[in-house]
Amino acid sequence: MAMSFEWPWQYRFPPFFTLQPNVDTRQKQLAAWCSLVLSFCRLHKQSSMTVMEAQESPLFNNVKLQRSKGHLFLLPDSSLKYLWRKAEGRQQTEGKLPVESIQIVLEELRKKGNLEWLDKSKSSFLIMWRRPEEWGKLIYQWVSRSGQNNSVFTLYELTNGEDTEDEEFHGLDEATLLRALQALQQEHKAEIITVSDGRGVKFF
Amino acid sequence: FFRWISTKIHFSFQAFEDLSKLMIKAKEMVELSKSIANKIKDKQGDITEDETIRFKSYLLSMGIANPVTRETYGSGTQYHMQLAKQLAGILQVPLEERGGIMSLTEVYCLVNRARGMELLSPEDLVNACKMLEALKLPLRLRVFDSGVMVIELQSHKEEEMVASALETVSEKGSLTSEEFAKLVGMSVLLAKERLLLAEKMGHLCRDDSVEGLRFYPNLFMTQS
């Protein structure tokens with residue numbers, strides 16, 4: 001299901017799968033991991049995951065990682081290539097980020113507001129490629145633009161209604177939507193209410 | 001007798017306060033300990049054995065030779081200073097031949113092989129090496145983060161060697177410590193320390209897998 005997902009150059013760089021001891025290097029490495037996780041989940045429309053799934057996913061496992069010796073070139077299209085001067089033994093090995101390091105990446109995402117643990121034992125999590133506040137802002141902008149302040153919507157209408165087809169938040173999963181609306185609620189720009197068969201929201 | 005002793009001891013404390021002053025007073029200190037030893041021998045009848053023992057241990061704790069031993073230079077700081085100067089003489093050429101840096105174990109083997117007899121203890125070697133820089137000798141002791149101890153020529157700049165290490169690693173794509181050691185003609189121990197230093201400085205990064213530890217140019221920093 002890799003589809004047209006473009007892996008970043010780091011994914012082919014073996015050190016990417018080792019947690020770097022140098023603090024500055026680690027910072028860059030973690031930033032790249034966070035970015036990769038979010039874009040991966042965005043493309044695959046994955047809004048939640050378990051840690052077990054993560055461990056098995058190609059996200060943290062590059063089964064085709066090459067560790068062979070040779071001069072490393074970073075091509076203009078940002079893909080990483082090995083070029084060999086002579087035919088040295090090509091080793092196709094695995095790049096696997098250890099589970100402790102996966103936990104560190106997930107914690108980084110949580111600190112940035114893109115991840116929320118769904119249970120106390122931290123076995124599954126919600127992953128939001130845009131933070132709830134950012135979604136809230138987009139939704140509210142649409143509401144204002146279309147002059148629909150003081151209107152009431154069901155959650156379904158917002159994410160699956162015809163009116164929002166062109167909007168980025170169209171198709172957003174309910175868990176993330178709720179958190180986006182909660183963020184707006186905090187700013188007194190919306191109120192989550194109960195409607196006939198579920199929940200809805202009123203915008204101010 | 002004891003008043004005489006106490007003035008001499010006060011004098012010796014002054015000597016130990018300042019290392020450079022000690023250099024000057026060193027010869028006098030040796031003379032002093034010898035004269036105390038002789039006095040003890042002479043006064044054997046006037047002092048109790050208990051007092052003699054206490055007195056000897058007092059001298060030892062100040063780093064002065066046990067009055068009863070016959071070492072040329074004693075077993076205190078002065079000995080290590082002399083040794084440090086000797087080491088500077090012995091190690092200059094071997095260091096130059098080895099690119100300016102040697103591990104302390106290499107030094108230990110080299111020096112003891114040269115001596116043949118009256119071998120140095122590791123402790124004495126370390127203590128002597130600790131004084132190299134203070135004595136302004138052309139070599140110094142350096143301890144890496146890992147705890148590995150090396151002797152470097154003062155003129156040797158390990159940080160500059162890192163730049164050439166980066167070049168070597170970049171040329172080959174990636175290297176293990178063993179591969180790097182072989183390429184450059186260094187011991188694996190020192191090769192690893194150089195690569196670790198390069199990593200600490202942010203020039204290299206690591207790939208730690210079942211296949212071992214490899215170092216790569218730090219593309220995390222150089223590529224945006």
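When reading the values below, keep in mind they use all heavy atoms of this one structure, side chains included, and skip hydrogens, waters and symmetry mates. In what follows, every chain begins at residue 1, and chains take the letters A, B, ... in the order their sequences are listed.
For an aromatic pair to be called close, the ring centres must be under 6.0 Å apart, and A:W129 with A:F40 fails this.
For the pair B:R98/B:L110, a side-chain contact is recorded, criterion being any heavy-atom separation below 4.5 Å from C-beta on. Side chains of B:P122 and B:Y108 form a contact here, defined as non-hydrogen atoms less than 4.5 Å apart.
Note: B:D207 CG to A:Q20 CD = 8.5 Å, rounded to the nearest 0.5 Å. One distance of note links CG of A:L43 with CZ of A:F5; it measures 6.5 Å at 0.5 Å rounding.
Looking at B:D208, the atoms closer than 4.5 Å to chain A (heavy atoms on both sides) sit in the backbone and in the side chain alike. Heavy-atom distances place the side chain of A:N22, and not its backbone, under 4.5 Å from chain B. When heavy atoms are compared at a cutoff of 4.5 Å, A:Q29 approaches chain B by way of both its backbone and its side chain.
Classification of B:R206 and B:E199 as a salt-bridged pair holds, one side-chain N sitting under 4.0 Å from a carboxylate O.
With sequence neighbours excluded, no residue satisfies salt bridge (Lys or Arg N to Asp or Glu O under 4.0 Å) with A:R26.
The nearest pair of heavy atoms linking A:Q55 to A:I102 is CG-CD1, 3.9 Å. When all heavy atoms of A:K28 and B:F220 are compared, the pair lying nearest together is CD-O, 3.8 Å.
For A:Q186 and A:Q182, the side-chain atoms include no donor-acceptor pair closer than 3.5 Å.
Residues from residues 104-121 of chain A never place a non-hydrogen atom less than 4.5 Å from a non-hydrogen atom of chain B. Among the residues in residues 155-162 of chain A, none has a non-hydrogen atom closer than 4.5 angstrom to a non-hydrogen atom of chain B.
Here salt bridge (charged side-chain N to carboxylate O under 4.0 Å, His left out) pairs that include residues 142-151 of chain B, with residues two or more places apart or in two chains, are B:R142-B:E152, B:R142-B:E159, B:D145-B:K200.
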